[in-house]
Amino acid sequence: MTKRVIFHIDVNSAYLSWEAVYQLQQGSNVDLREIPSVVGGDIKKRSGIVLAKSIPAKKYNIKTGETLFSAKLKCPHLVIVPPRYKLYMDCSAAMGEILKKYSPSIQFFSIDEVFLDYTNLERHFGPPEMAANLIKDDIKKTLGFTVNIGIGSNKLLAKMASEFEKPDKVHTLFTEEIPSKLWPLPVDELFMVGSKTKEKLLEKNIKTIGQLANTNPNFLYSFLKSHGILIWNYANGRENSPVRNESLPMKCLGNSTTIPFDVTTKEDAHKILMGLTENLCFRLRNLKKCASVVSVSIKNNLFEHYSHQKKLSHYTNCTKIILESVKILFAEMWNREPIRQMGIQLTDFCDSDFHQLSFFDPDPIKYKHLDNAIDKIRLKYGKDSIFPSCYLHSKINPLQGGVIKEEDYPMMSSIL
DNA sequence: TCTGGGGTCCTAGGACCC
DNA sequence: TCTGGGGTCCTAGGACCC
């Protein structure tokens with residue numbers, strides 16, 4: 001059996017790099033990568049967090065996910081640019097086109113991370129490190145941004161290797177290098193060890209990936225359940241999932257939004273929920289799917305989060321039917337406390353072409369035609385070209401949620 | 001530090017059935 | 001009326017990722 005060679009390509013400070021390249025192309029004489037800068041939301045709309053930071057911004061101890069307010073305190077002259085997701089998707093797709101020249105087997109893991117299977121391809125582009133450098137420099141020369149490439153015996157090791165030293169670097173992490181390169185690292189640098197798991201491991205005096213690797217898995221299972229076995233295997237470099245060319249079937253579809261003000265009335269809440277439902281059902285129909293489980297979630301002004309869900313008697317993608325369920329679920333759970341964020345999620349899908357119509361629907365064909373007519377107008381003239389009249393003179397936007405505006409993008413899975 | 005929006009997977013308890 | 005065990009479905013919540 002031939003030894004597998006997997007690459008993990010990771011764009012350095014993706015959103016910020018892409019923004020910087022775009023601004024240079026537009027004639028700007030400032031490279032955002034060379035000054036303290038971040039891509040972030042809008043402080044006034046309460047969605048103000050750091051999505052990506054430049055290396056100079058990192059020197060001010062600015063972290064991804066922190067508030068723009070806090071970042072500004074650390075660096076008063078910080079440059080903040082709003083995100084442009086359509087641009088990022090185009091950059092991501094362009095990188096994918098380059099990668100396809102080097103292997104028939106690539107898998108997008110997120111908008112800025114790709115796995116590439118280089119097994120048995122040495123005769124084309126040389127040994128793995130040479131090929132990885134070729135790819136890295138090809139992307140830099142053609143598209144203007146830098147990537148890190150990790151090379152490993154499986155996807156996990158390749159991903160860990162791409163994290164080592166940044167930017168614009170190639171690193172290897174083969175099985176025989178695990179004790180020297182992986183085991184000395186702090187345990188929370190391991191993929192799938194987040195803050196909660198880190199705390200529990202520290203309580204047991206497990207501080208490094210090496211200590212985790214050499215812990216009895218039964219002991220880990222006793223306080224982390226199956227997740228303990230997963231991270232124990234990862235700490236030992238064991239992982240064998242294939243680089244998948246085709247995307248896995250969708251499991252969940254949702255839209256949520258943080259409202260610029262705390263919602264305290266049913267009327268405002270219903271407008272938000274209608275906007276979210278319209279947007280979500282539009283996406284669902286574009287994917288040619290129907291769903292049978294509807295879930296509504298709320299975050300209150302104390303940041304407490306809770307949700308209610310319900311299985312419908314049949315599959316549907318009809319805005320009106322889903323909105324009715326959403327309103328019922330909301331009424332069941334809301335105790336009139338101020339709401340900061342609302343979300344709607346759909347799960348359990350079937351293909352819309354063949355789904356069973358319900359006898360109990362008021363008039364399924366009529367609503368289907370209505371949804372289709374609205375979808376066509378929105379596709380042709382833009383999403384905000386048509387909206388319910390209750391939004392006129394309202395302080396609430398008609399279409400809520402959805403950072404990705406143009407099309408749906410394949411997202412990552414927590415399992416490699 | 002006063003914390004977005006998009007996902008996936010897992011667990012636990014209760015209902016219900018045989 | 002009380003006892004049992006196993007299986008599946010449903011629901012709520014939590015952990016992780018980018």
Side-chain angles (χ1 to χ4, degrees), chain A residues 8 10-11 13-15 38-43 45-52 61-74 82-83 85 88-89 92 108-114 156 159 162-163 188 190-200 221 223-231 234 247-260 276 279-280 283 292-299 301-313 329 332-333 340-348 400-405 408-416:
Chain A
H8 179 252
D10 188 335
V11 180
S13 316
Y15 289 0
V38 297
V39 174
D42 187 335
I43 296 180
K45 288 168 76 180
R46 309 203 296 184
S47 54
I49 63 159
V50 174
L51 297 167
N61 197 28
I62 289 167
K63 303 220 163 76
T64 302
E66 81 174 307
T67 56
L68 292 178
F69 181 80
S70 145
K72 268 274 190 190
L73 287 179
K74 292 176 181 174
Y85 295 100
Y88 309 154
M89 286 189 287
S92 178
F108 271 93
F109 184 60
S110 71
I111 194 166
D112 66 335
E113 294 183 33
V114 185
L156 175 89
K159 182 163 168 57
S162 70
E163 297 289 312
D188 57 319
L190 184 66
F191 179 67
M192 292 304 286
V193 177
S195 63
K196 300 289 181 182
T197 306
K198 176 195 170 187
E199 291 304 315
K200 290 178 189 169
Y221 185 86
F223 64 100
L224 294 172
K225 301 295 176 203
S226 66
H227 193 240
I229 305 302
L230 178 82
I231 61 174
Y234 283 1
S247 55
L248 295 167
M250 180 181 62
K251 301 280 173 57
C252 175
L253 196 67
N255 270 155
S256 65
T257 189
T258 295
I259 305 108
L276 286 165
N279 204 15
L280 188 54
R283 291 172 64 202
S292 78
V293 177
V294 182
S295 170
V296 177
S297 58
I298 288 178
K299 187 150 72 179
N301 60 343
L302 302 174
F303 288 89
E304 292 162 339
H305 186 269
Y306 43 96
S307 66
H308 253 47
Q309 71 178 59
K310 184 174 166 49
K311 185 162 176 66
L312 307 177
S313 59
L329 286 164
E332 284 171 5
M333 69 194 292
R340 181 187 177 89
Q341 189 215 60
M342 281 192 277
I344 302 172
Q345 289 76 35
L346 300 173
T347 46
D348 187 29
Q400 293 286 344
V403 292
I404 292 176
K405 298 282 192 276
D408 281 288
Y409 198 83
M411 279 292 163
M412 56 159 294
S413 154
S414 64
I415 299 301
L416 297 170

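Chain letters run A, B, ... following the sequence lines, proteins first, then strands; residues in each count from 1.
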Check: Considering only heavy atoms from C-beta outward, does the side chain of A/Leu329 approach that of A/Gln309 to under 4.5 Å?
Finding: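 No, every pair of side-chain atoms sits at 4.5 Å or beyond.
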Note to self: When you compare the side chain of A/Asn61 with that of A/Lys63, does any pair of heavy atoms fall below 4.5 Å?
What the structure shows: yes
At under 4.0 Å between heavy atoms, what does [X] touch on the DNA or RNA strands: base, sugar-phosphate, or nothing?
X: A/Gly194; answer: sugar-phosphate
X: A/Thr197; answer: sugar-phosphate
X: A/Glu113; answer: sugar-phosphate
X: A/Val193; answer: sugar-phosphate
X: A/Lys299; answer: sugar-phosphate
X: A/Ser295; answer: nothing
X: A/Leu51; answer: base

Check: Is any NZ, NE, NH1 or NH2 atom of the basic residue among A/Lys74 and A/Glu66 found under 4.0 Å from an Asp or Glu carboxylate oxygen of the other?
Finding: yes
To the nearest Å, how far apart are [X] [atom1] and [N] [atom2]?
X: A/Asn279; N: B/dG6; atom1: CG; atom2: C1'; result: 12 Å
X: A/Leu346; N: C/dT11; atom1: CG; atom2: P; result: 14 Å
X: A/His227; N: B/dT11; atom1: NE2; atom2: P; result: 10 Å
X: A/His305; N: B/dG4; atom1: NE2; atom2: P; result: 11 Å
X: A/Glu66; N: C/dC18; atom1: CD; atom2: C1'; result: 18 Å
X: A/Ile111; N: C/dC17; atom1: CD1; atom2: C1'; result: 15 Å
X: A/Phe223; N: B/dA12; atom1: CZ; atom2: P; result: 15 Å
X: A/Glu304; N: C/dA12; atom1: CD; atom2: C1'; result: 15 Å

Would you please confirm or rule out a distance under 4.0 Å between OP1 or OP2 of [N] and any side-chain N or O of [X]?
X: A/Ser110; N: B/dG7; value: no
X: A/Thr258; N: B/dG5; value: yes
X: A/Asn255; N: B/dG6; value: yes
X: A/Arg340; N: B/dT3; value: yes
X: A/Ser226; N: B/dT11; value: yes
X: A/Ser256; N: B/dG6; value: yes

Considering only nitrogen or oxygen atoms on both sides, find all protein atoms under 3.5 Å from nucleotides 13-16 of chain B and state each distance.
none

Next item on the list: Among A/Leu346, A/Ile344, A/Leu276, find the residue that satisfies the side-chain contact (heavy atoms from CB on, under 4.5 Å) test when tested with A/Asn255.
Entry: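 Considering A/Leu346, A/Ile344, A/Leu276, a side-chain contact (heavy atoms from CB on, under 4.5 Å) with A/Asn255 is found only for A/Leu276.
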Notebook entry, point to check: Of A/Val193, A/Leu230, A/Ile229, A/Ile231, which meets side-chain contact (heavy atoms from CB on, under 4.5 Å) against A/Leu224?
Noted result: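 Exactly one candidate clears the test, A/Ile231.
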Next item on the list: With DNA chain B as reference, determine whether A/Leu73 or A/Met250 sits nearer its 5' end, using the nearest nucleotide of each.
Entry: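 By nearest-heavy-atom nucleotide position, the 5'-most residue is A/Leu73.
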Checklist line | Which residue lies more 5' along DNA chain B, comparing A/Phe69 with A/Tyr221 via nearest heavy atoms | finding: A/Phe69
Next item on the list: For DNA chain B, just give me the dot-bracket, please: Watson-Crick or G-U, both distances below 3.5 Å, ( ) intra-strand, [ ] crossing earlier pairs, | paired with another strand, . unpaired.
Entry: ....||||||||||||||
Margin query: Please tell me whether A/Thr347 and A/Lys251 have a donor and an acceptor in their side chains that are separated by less than 3.5 angstrom.
Written below: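 Note: A/Thr347 and A/Lys251 side chains miss the donor-acceptor criterion.
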Shorter than 3.5 Å, N or O on both sides, protein versus nucleotides 8-10 of chain C: list them out with atom names.
none

Note to self: Testing the basics here: between A/His308 and A/Glu332, what is the closest heavy-atom pair and its distance to 0.1 Å?
What the structure shows: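 Result for this residue pair: CD2-OE1, 3.3 Å.
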Check: Under a 90° cut-off about 0 for the syn range, is B/dT1 syn or anti?
Finding: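 Nucleotide B/dT1 adopts syn.
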Note to self: Is the ring pair A/Tyr15/A/Tyr85 parallel, tilted or perpendicular, if the boundaries are 30 and 60 degrees?
What the structure shows: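 Ring orientation, 0 to 90° scale: perpendicular.
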